[in-house]
2 protein chains.
Amino acid sequence: MRECSLTLTSDPHSKTRSTARRETEQRILDAAEQVFAEFGFRGATMGQIAARADLPKANLHYYFDTKLTLYRLVVERIFRIWLQAADTFDDCDEPREALSRYIRAKMDISRRFPNGSKVWANEILQQAPVIQDYLETTLEDWTNSRIEVLNRWISEGRIRAIDGRTLLYMIWATTQHYADFNHQIHTLNKGDMLSDAQFDLAKETVVSIILQGVGIAPEPMGEAS
Amino acid sequence: MRECSLTLTSDPHSKTRSTARRETEQRILDAAEQVFAEFGFRGATMGQIAARADLPKANLHYYFDTKLTLYRLVVERIFRIWLQAADTFDDCDEPREALSRYIRAKMDISRRFPNGSKVWANEILQQAPVIQDYLETTLEDWTNSRIEVLNRWISEGRIRAIDGRTLLYMIWATTQHYADFNHQIHTLNKGDMLSDAQFDLAKETVVSIILQGVGIAPEPMGEAS
DNA sequence: TATCATCTTGACCGTCTGGTCAAGGGTTTC
DNA sequence: GAAACCCTTGACCAGACGGTCAAGATGATA
């Protein structure tokens, strides 16, 4: 109603052609991510995606030729976000700092991009028809290198002797749970989304249990990032 | 080829009518569970389920009138299994024993019935169209009562002061991860299923990290069930 | 063997799906 | 202003979908 320099669905005609194009593509990708997150590749329909993007179905095929193309592009966005979180682990060789940073980063991603995580979950449930080779290359390499780091920390006596792979899976499972199962979490929270305070409590509880679980004393006060 | 006293798809004609009927229904339910687990309700097709049960599609509709009926029955089976695991927590008031029993039970269920867990995951991803009222009643009641128990243990100084709800979510997320994401886990295990030894290591590592995480000293040797 | 209920199945139906297309509206360029 | 290009869209298509049905096969009963 009142003047606003930036609206979510701004009028494409007020922009240059390429800008408008990018915005429309983005709107379609966002709608696609939501629908794919909920119903998976097979369950999602182009009609649903078109409705959520508020565009005629034929328009989707003008920008993205097939449903599979659109799906692949949605999945690619998720890779980039996941890799960004991986960096927070790689950047540090101090167990407490590396683990708590990584957990917090993954928790924040689950909160900000729940649909990305859900699309990933659907991919795995469907035996990874699109991301299989990614699992076998990038993910496997990263995982193995992190397990080596964890094993080194163990041999240096900096963390307890636990199975590093299982620890990684616990962190992935728990952090992604806050995205993939957010509907269940909301239902068990009287139907409301988690408040900032509730989410912070969850985040710090996860950090605390994992750190304590691998034998690292609780973080000194005031050191949380 | 050679004589075999028990085959997986035994000849229905050698049994009484009601027995054969029950066997056919079971075969359809098993096939349905697999397909629903992979593709969710919308993504699954009756044709796929029929093919996996090795029956003509029309035969499915003789035993179960609609796709939704079949789906509801599959979901009901999962409820029963889940409640059975819940009992292992309820039966005991000793933190170490209750938590490790519950975690082990949930891990074993993830291994034996991965499809059930996957159907549940798909339900939540799709905003629980079928199990919503179950989440709001049985699950919520059980969750709250367990959180009360955890809080009592905290006030009695038997476990560390952590947020009980987050602890429960961590346990659910981690244990169900071994079912819902088993494809990813297998891929990261050179494409092989986890061996008994690998799965036991994972199970005991989860127990160990959680127990240590809530401030319970590692289990005395030889006490594992 | 004859009768009847139970089970099986290929063929079929209306609807929805992903994808196409041609006609037309807008915008840029000269 | 007109030609060229970009974008939008309703109408349409072939195939797949959930579900139906009637005809026949099979098994139980007597």
Side-chain angles (χ1 to χ4, degrees), chain A residues 9-29 31-36 38-75 119 122 126 129-130, chain B residues 9-29 31-36 38-75 119 122 126 129-130:
Chain A
T9 56
S10 60
D11 180 15
H13 305 303
S14 65
K15 319 268 174 167
T16 70
R17 269 239 156 99
S18 67
T19 302
R21 184 182 185 102
R22 237 174 292 131
E23 281 181 5
T24 305
E25 285 172 353
Q26 202 57 45
R27 197 158 93 230
I28 294 170
L29 283 169
E33 192 178 73
Q34 285 175 43
V35 177
F36 284 135
E38 209 166 309
F39 300 103
F41 177 71
R42 294 241 331 236
T45 75
M46 293 299 272
Q48 268 183 297
I49 296 170
R52 198 155 321 196
D54 198 28
L55 287 171
K57 193 179 55 143
N59 209 332
L60 267 61
H61 286 100
Y62 175 76
Y63 286 100
F64 306 96
D65 57 346
T66 66
K67 187 184 175 185
L68 188 57
T69 303
L70 190 49
Y71 183 70
R72 281 186 205 276
L73 288 167
V74 166
V75 169
V119 173
N122 261 310
Q126 290 167 42
V130 169
Chain B
T9 56
S10 60
D11 180 14
H13 306 303
S14 65
K15 319 267 174 169
T16 70
R17 270 237 154 101
S18 67
T19 302
R21 185 184 184 99
R22 236 175 292 129
E23 282 181 6
T24 306
E25 284 173 353
Q26 203 56 45
R27 196 158 95 230
I28 295 170
L29 283 169
E33 191 177 75
Q34 285 175 44
V35 177
F36 285 135
E38 209 167 307
F39 300 104
F41 178 73
R42 295 241 330 235
T45 75
M46 292 299 272
Q48 268 184 296
I49 296 169
R52 195 153 326 193
D54 198 28
L55 288 170
K57 193 179 55 141
N59 210 332
L60 268 61
H61 285 101
Y62 175 76
Y63 288 100
F64 306 96
D65 57 345
T66 65
K67 186 184 177 186
L68 188 57
T69 303
L70 190 49
Y71 183 70
R72 281 185 204 277
L73 288 167
V74 166
V75 168
V119 173
N122 260 309
Q126 289 168 41
V130 169

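No experiment lies behind these values; they were computed from the predicted model shown. Here is the naming used below: chain letters follow the sequence lines, and residue numbers restart at 1 for every chain.
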Nearest-angstrom distance from the residue atom [atom1] of [X] to [atom2] of [N]:
| X | N | atom1 | atom2 | result |
| --- | --- | --- | --- | --- |
| A:H61 | D:dG10 | NE2 | C1' | 15 Å |
| A:F39 | C:dC16 | CZ | P | 16 Å |
| B:L70 | D:dG19 | CG | P | 10 Å |
| B:I49 | D:dC17 | CD1 | P | 11 Å |
| A:K57 | C:dG19 | NZ | P | 9 Å |
| A:E25 | D:dC6 | CD | C1' | 13 Å |
| A:I28 | D:dT8 | CD1 | C1' | 11 Å |
| A:L55 | D:dC6 | CG | C1' | 15 Å |

Short N-O contact, B:E23 and B:R27, less than 4.0 angstrom |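 Judged by the 4.0 Å cut-off on N to carboxylate O distance, B:E23 and B:R27 do not form a salt bridge.
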
Residue whose closest nucleotide on DNA chain D lies nearer the 5' end, A:L60 versus B:T45 |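 Mapping each residue to its closest nucleotide by heavy atoms, the 5'-most match is A:L60.
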
Base, sugar-phosphate, or nothing: which does A:A50 touch, judged by heavy atoms less than 4.0 Å apart?
-> nothing

Counting any heavy atom closer than 4.0 Å, what does A:F64 reach on the DNA or RNA strands: base, sugar-phosphate only, or nothing?
-> nothing

Do [X] and [Y] make a side-chain contact, defined as non-hydrogen atoms from C-beta onward lying under 4.5 Å apart?
| X | Y | value |
| --- | --- | --- |
| B:R22 | B:Q26 | no |
| B:T66 | B:Y71 | no |
| B:Y63 | B:L70 | no |

DNA chain C: 5'-proximal contact among A:T66 and B:P56 (nearest heavy atom) |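 The residue closer to the strand's 5' end, by nearest nucleotide, is B:P56.
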
A:R21 side chain N/O closer than 4.0 Å to the phosphate oxygens (OP1, OP2) of D:dC6?
-> no

Presence of A:Y62 side-chain N/O under 4.0 Å of D:dC7 phosphate oxygens OP1/OP2 =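 Yes, within the criterion.
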
CD/B:E38 to CZ/B:R52 distance, rounded to the nearest 0.5 angstrom?
-> 5.5 Å

Does a distance-only test, which skips hydrogens and angles, find a donor-acceptor pair under 3.5 Å between the side chain of B:K67 and the base of D:dG19?
->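 Looking at the base of D:dG19, it does not pair with any donor or acceptor on the side chain of B:K67 (distance under 3.5 Å).
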
